[in-house]
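For reference, the structure discussed in these notes is given below.
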Amino acid sequence: MNSPTDDWFEGDLSPSEFRRLGYRVIDMIGEYYASVRDVRVCPQASPGDVADVFDEPLPVEPRDPDGILDQWTQRVLPHSTHLGSPRYFGYVNGSGSMIGTLADALAASVNMNPGGWKPAPAATEIEKVTLRWIAEAIGYGTPAGGILTSGGMMANFTALTAALRNLAKHDVTRLGIHAPDGGRFRVYMSDHEGHVSIPAATDLMGIGRDAVVRVPSRTDLSMDVDALRSAIVADREAGDHPLAVVAQVGSINVGIIDPLEQIADVCAENGLWFHADGACGAVGGMLPEKRSLYAGLNRADSVTLDPHKWLYVPYECGALLVRDPERLRRSFSMSAPYLRGSIPAEDEGLDYYDYGPQMSRGFRALKLWMTLQHYGVEGYQRLLRQNVQCAEHLHALVSQADEFEVLHEPVLYIYSFRFAPASLREQEPEATEHLDRLNQEICDQLRRSGEAFVMSSRHRGRVVIRLSICSHRTTPTDIDRVFGTIREIGQKLVS
Ligand SMILES: Cc1ncc(COP(=O)(O)O)c(C=O)c1O
């Protein structure tokens with residue numbers, strides 16, 4: 001740290017020292033990006049090992065910045081999982097654009113807080129225009145507004161809270177969640193592919209995880225809309241309050257898109273909020289060849305979309321798009337004299353704390369705004385298409401290999417399949433538990449090898465191998481390599 005001088009302040013680095021350290025950091029990041037294609041995808045260390053690496057007392061004496069930066073290379077990187085690797089296929093985690101990295105550094109430098117317009121005029125207007133661009137790009141249409149969130153979970157929570165605050169017959173904001181007649185609020189999603197963030201959201205809202213009604217799905221795992229209609233009728237007859245339907249737009253295990261047009265009809269007929277959870281897949285609306293799957297999305301009251309997933313923007317960046325932003329304001333607006341002043345002033349801009357549950361907020365929009373300009377719609381279309389082609393390529397490999405079982409057609413970039421040699425498949429259901437353990441072991445061994453990061457999931461109750469191929473760096477060659485290793489591990493395990 002510098003000592004205070006006439007023209008500098010304790011607590012800041014001098015301009016020349018800042019530049020020297022900054023160039024050093026850029027070199028560190030540049031070296032990382034140069035090696036990211038070949039890096040060991042995740043560390044071999046256990047949680048306890050990693051905890052030991054960082055377990056040290058609170059620093060009391062100031063430390064030298066070079067020594068602090070050394071720790072990045074010595075301790076942080078060796079114990080990191082590399083979501084930017086082209087062979088990282090875990091959860092639904094994005095790869096992170098390079099320009100987004102630079103944007104994050106710039107955003108941090110001015111330290112804007114787009115909770116309110118006054119502390120962040122440019123950031124607020126950039127967030128507005130960026131949300132409008134995304135809505136247009138995916139075919140949600142304009143006018144639309146919304147808010148950037150920490151991720152899909154918070155976007156879903158914000159949407160369903162807005163549904164409750166806008167549609168409940170009593171004033172939930174003031175009186176709380178209990179309907180005066182004792183009826184329970186109900187939120188509908190498909191049974192197999194509905195995402196865990198929905199019951200987590202209803203739990204946070206105080207209407208309970210059991211508020212989520214699992215609607216039976218069809219053979220392709222999309223929602224059965226006849227079953228949805230029946231569930232709504234049954235709940236009304238029981239005195240409950242149907243509130244919202246959550247459609248999956250790119251589901252977690254198979255990337256399915258629910259029948260959006262039909263769900264929109266049901267919501268319109270019943271006065272329900274139509275929320276599309278497109279955390280994984282809404283971005284696919286940018287592909288003209290996939291657009292027909294998205295018919296009806298433009299009728300959703302709200303759409304979740306995660307730029308930190310399939311738009312390759314660095315964490316954190318989720319988005320909620322809404323048809324009518326006033327419904328967000330009605331749900332979240334706060335007033336206090338220290339926020340806006342008690343006397344109305346001219347030129348009040350949008351205060352984003354009125355649109356969601358967060359007050360202070362980071363300048364997430366910058367990395368999204370810059371990444372959208374960097375790739376443009378055309379660049380995105382090429383990259384998204386490459387991900388879809390990788391999933392199709394994997395499907396072709398699985399279909400052609402006897403030891404594997406095809407479970408579904410690829411829709412977008414998420415693909416699940418099973419290692420199930422004919423000799424074992426013929427012995428099902430007795431052999432199912434053994435096959436479950438085999439598939440789990442394949443994923444675990446692959447991860448331990450450092451070659452790729454793949455996780456298991458369940459498809460109709462059976463353990464499966466699941467790849468989420470949403471890295472802008474993944475090519476069919478990576479898919480060949482990973483499939484070859486999966487096959488090798490599987491063959492060794494059964495031999
Ligand atoms: C369909 C769906 N919705 C919501 C989420 C939650 O998103 P986040 O992890 O960004 O909070 C996910 C995460 O994978 C998801 O797949």
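Atoms within each ligand, like the ligands themselves, are counted from 1 in listed order.
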Per-atom filter on ligand 1: closer than 4.0 angstrom to a heavy atom of G151 are 10 (O), 11 (O)
Any nitrogen or oxygen of Q248 lying under 3.5 Å from a nitrogen or oxygen in ligand 1? Just yes or no. no
State whether the side chain of D224 and the backbone N or O of A227 hold a donor-acceptor pair below 3.5 Å, judged by distance alone. yes
State, without any angle test, whether Q440 and D444 hold a side-chain donor-acceptor pair at a distance under 3.5 Å. yes
Specify the protein heavy atom at minimum distance from atom 16 (O) of ligand 1: its residue, its atom name, and the distance to 0.1 Å. C280 SG, 2.9 Å
Note the single closest protein heavy atom to atom 3 (N) of ligand 1, along with its residue, its atom name and the distance in Å. D277 OD2, 2.8 Å
Testing the basics here: between R473 and D478, what is the closest heavy-atom pair and its distance to 0.1 Å? O-OD2, 3.7 Å
Does the plane of the ring in Y415 sit parallel, tilted or perpendicular to the ring in H395? Use 30° and 60° as the thresholds. perpendicular
Taking only heavy atoms of D306 into account, list the atoms of ligand 1 that are under 4.0 Å away from them. 7 (O), 8 (P), 10 (O)
Y88 ring center within less than 6.0 Å of H82 ring center: no
For the pair Y375 and H472, name the ring-plane relationship: parallel under 30°, tilted 30 to 60°, perpendicular over 60°. tilted
Have a look at ligand 1 and work out which part of N156, if any, has a heavy atom under 4.0 Å from it: side chain, backbone, both or neither. side chain
Does only the side chain of K309 get under 4.0 Å from ligand 1, or the backbone, or both, or neither? Count heavy atoms. side chain
N/O to N/O below 3.5 Å, does that happen between G152 and ligand 1? yes
Tell me whether ligand 1 is touched by H308 - counting only heavy atoms on the residue side and a distance under 4.0 Å. yes
If we only count heavy atoms from C-beta on, is the D306 to C280 side-chain gap below 4.5 Å? no
Among all protein heavy atoms, pick out the one at the shortest distance from atom 4 (C) of ligand 1; state its residue, atom name and that distance to 0.1 Å. S197 OG, 3.3 Å
What protein heavy atom sits nearest atom 5 (C) of ligand 1, and how far off is it? H195 CE1, 3.3 Å
Between M153 and ligand 1, does any nitrogen or oxygen pair lie at a separation below 3.5 Å? yes
Within 45° cone and under 6.0 Å: R361 NZ/CZ vs Y352 ring: yes
